[in-house]
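Take a look at the structure set out below.
Remember, predicted model here, so these are calculated numbers, not experimental data. Just so we're on the same page: letters track the sequence lines, and every chain starts at 1.
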There are 2 protein chains.
Amino acid sequence: MSEQRQPAAGADYALEALCGRIYERHRDTIKVQKPHVAVANLVRIVEAVLTLSNRHGFHATTLRDLSRAAGISMGGLYSYFDGKDTLLLMILEQVADAVIEALEAVPEPVRADPAEHLAWLIATHVALSETMQPWFVFAYMEAKAFPPPARKAAVASELATERMFAQVLEAGVRAGCFSVADVDFTATLIKPLLQDWYVKRGKYRKRGVNAATYAARVSDFVLAALTPRPAAESETPLPPKASLPVGKASTPRNPTRKRKVD
Amino acid sequence: MSEQRQPAAGADYALEALCGRIYERHRDTIKVQKPHVAVANLVRIVEAVLTLSNRHGFHATTLRDLSRAAGISMGGLYSYFDGKDTLLLMILEQVADAVIEALEAVPEPVRADPAEHLAWLIATHVALSETMQPWFVFAYMEAKAFPPPARKAAVASELATERMFAQVLEAGVRAGCFSVADVDFTATLIKPLLQDWYVKRGKYRKRGVNAATYAARVSDFVLAALTPRPAAESETPLPPKASLPVGKASTPRNPTRKRKVD
DNA sequence: CAGCATCGAACGAACGCTCGCTTGACTTTT
DNA sequence: AAAAGTCAAGCGAGCGTTCGTTCGATGCTG
């Protein structure tokens with residue numbers, strides 16, 4: 001199973017390994033005993049549900065579609081999860097775990113230089129979201145629509161990665177190699193740049209941009225914005241008045257019209 | 001209706017005005033004749049469907065929920081659209097139109113200076129997406145899941161705004177005030193920064209960041225990245241090898257297992 | 001021949017959508 | 001001016017369909 005494992009991180013982000021972890025985490029609800037059978041079928045289920053959901057949305061994906069795509073009967077599916085929501089949760093958990101695990105495995109020498117550390121975080125995140133692209137898209141698109149446990153976990157995960165960026169920025173500011181007005185805000189701005197890679201990957205593909213190139217360009221862009229300028233700090237004075245017309249105090253806040261029956 | 005209309009653009013982005021435009025565009029399918037009645041009810045329908053959909057997704061929003069929230073009976077709803085999909089389309093069209101219309105109304109003096117033009121585009125986009133926040137979130141989250149016409153329109157709209165950014169960047173490069181390696185790519189990177197404002201607006205709200213502040217900060221960040229540096233062009237050589245472990249040539253690309261019946 | 005794994009018909013609930021009916025403001029008739 | 005007629009507008013029970021889920025029968029394997 002392991003063979004060409006690069007860092008000593010001990011984590012593997014291939015489909016099969018990820019499904020193995022799902023199996024272990026949900027041993028109690030998964031009714032199939034033999035691990036190799038269970039994991040093999042989980043692979044087919046997860047692969048199918050990611051494909052179908054990323055095309056039409058999780059809610060629009062029916063278990064009959066999933067059954068056909070995975071090659072497992074309706075009843076068979078219920079040996080692997082006790083309801084549609086659980087299936088969603090299985091995937092979301094795995095994504096959140098993978099992100100934190102991958103980004104925390106920063107090599108010690110890299111951590112020394114804030115600029116290099118930042119570039120490493122960006123490159124690692126892009127590489128991870130490239131390997132697990134369908135998972136990331138799924139988590140990003142479906143996280144909002146579901147039960148509090150999943151929502152909380154997703155938000156927490158996002159904040160955790162944001163904090164990692166903030167810490168690096170702060171270290172850079174202290175070391176004098178970054179010039180940042182608001183560390184937290186700038187850290188927040190980096191996240192959407194990383195998300196764009198997997199959310200709109202098709203667009204980049206079409207333009208011949210691959211993961212490594214994307215990461216390098218984003219690093220360049222971000223580092224350019226952070227690098228202290230010699231003098232002439234021309235902060236944008238304030239945005240040019242770009243107020244949109246919004247016809248007086250319209251938009252009645254309480255348009256409750258009485259119905260016949262309540 | 002009009003009164004405090006700032007630019008001479010002639011566009012109004014209040015809920016009622018937007019529904020008025022929807023009414024005009026769909027006169028043929030909307031069965032209600034009297035404009036003031038139709039627009040008033042469209043307001044209640046659109047407001048309700050945006051609220052419900054942004055909470056649980058459009059697909060998960062049932063017409064019964066919508067009927068209750070809007071205060072219009074099931075049958076009544078069908079006087080305003082001939083199917084759930086049409087309702088989705090009505091909103092998507094309106095968002096795409098508003099974006100292009102707003103961004104094309106750039107004042108002539110602003111266009112002269114690329115930096116100012118860029119800041120104006122950012123500020124205008126943020127201001128528009130602030131005014132129409134639920135619409136933007138709806139369009140962003142639901143665009144993928146629907147019929148080719150809607151998808152095509154959404155992609156085209158995104159490319160159009162992207163091209164506007166690219167043109168400004170190009171003008172700035174020619175004028176010597178921007179230093180950009182790849183104009184198209186950099187233009188692409190700006191979009192997600194704008195989207196983050198409405199997609200994660202709750203997060204920014206919680207931190208006391210309002211629309212104007214957000215736009216100003218993003219402008220600063222982007223302009224800092226574009227401003228030519230005196231010397232020392234330290235392009236990131238290549239990303240530090242951030243390869244994730246992906247257990248040998250796993251991930252069987254064709255895990256088709258035969259079923260009993262095809 | 002156990003017993004684990006899988007199957008797929010069947011079920012109740014909930015969906016999008018329809019349609020015959022009621023309502024009420026306005027027009028016409030007497 | 002009162003009565004009768006008209007029709008746009010709105011209503012909600014009910015239709016057929018499809019959903020998530022269940023469960024007894026049926027392999028398959030050691």
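- The distance between atom CD1 of A:Ile30 and atom C1' of C:dC4, rounded to the nearest whole Å, is 15 Å.
- Protein atom NZ of A:Lys34 is 13 Å distant from nucleotide atom C1' of C:dT6, rounded to whole Å.
- Here B:Asn41 does not reach the OP1 or OP2 of D:dA9: none of its side-chain N or O atoms lies under 4.0 Å away.
- In this structure, the CE atom of A:Met74 is 14 Å from the P atom of D:dT18, given to the nearest Å.
- Side-chain atoms of A:Trp197 and A:Glu130 include a donor-acceptor pair closer than 3.5 Å.
- Considering only the side chain of A:Arg64, D:dT21 comes nearest among D:dT21, D:dG14, D:dG12.
- Protein atom CZ of B:Arg68 is 13 Å distant from nucleotide atom P of D:dA13, rounded to whole Å.
- Within the 3.5 Å criterion, the main-chain N or O of B:Val126 finds a donor-acceptor partner in the side chain of B:Ser129.
- Aromatic ring orientation, B:Tyr198 versus B:His125: parallel (interplanar angle below 30°, classes split at 30° and 60°).
- In this structure, the CZ atom of A:Phe58 is 11 Å from the C1' atom of D:dG20, given to the nearest Å.
- Because its NZ or CZ atom is not both nearer than 6.0 Å to the ring centre of A:Phe81 and within 45° of the ring axis, A:Lys31 does not count as a cation-pi partner of that residue.
- Between B:Leu63 atom CG and D:dC11 atom P the separation is 15 Å, expressed in whole Å.
- The residue among A:Thr61 and A:Gly75 whose nearest nucleotide of DNA chain D is located toward the 5' end is A:Thr61.
- There is no side-chain donor-acceptor pair under 3.5 Å between B:Glu142 and B:Ser53.
- Rounding to whole angstrom units, CG of residue B:Leu42 and P of D:dG10 are separated by 10 Å.
- Atom CD of B:Gln33 and atom P of C:dG24 are 21 Å apart (whole Å).
- Listed nucleotides: C:dT6, D:dA8, D:dG10. Nearest to the side chain of B:Val32: D:dG10.
- Checked by atom type, the side-chain pair B:Thr86/B:Asp82 shows a donor-acceptor distance below 3.5 Å.
- Against DNA chain C, the stretch residues 77-85 of chain A makes heavy-atom approaches under 4.0 Å through A:Ser79, A:Tyr80.
- Between the side chains of B:Asp196 and B:Tyr204, a donor-acceptor pair is found at a separation under 3.5 Å.
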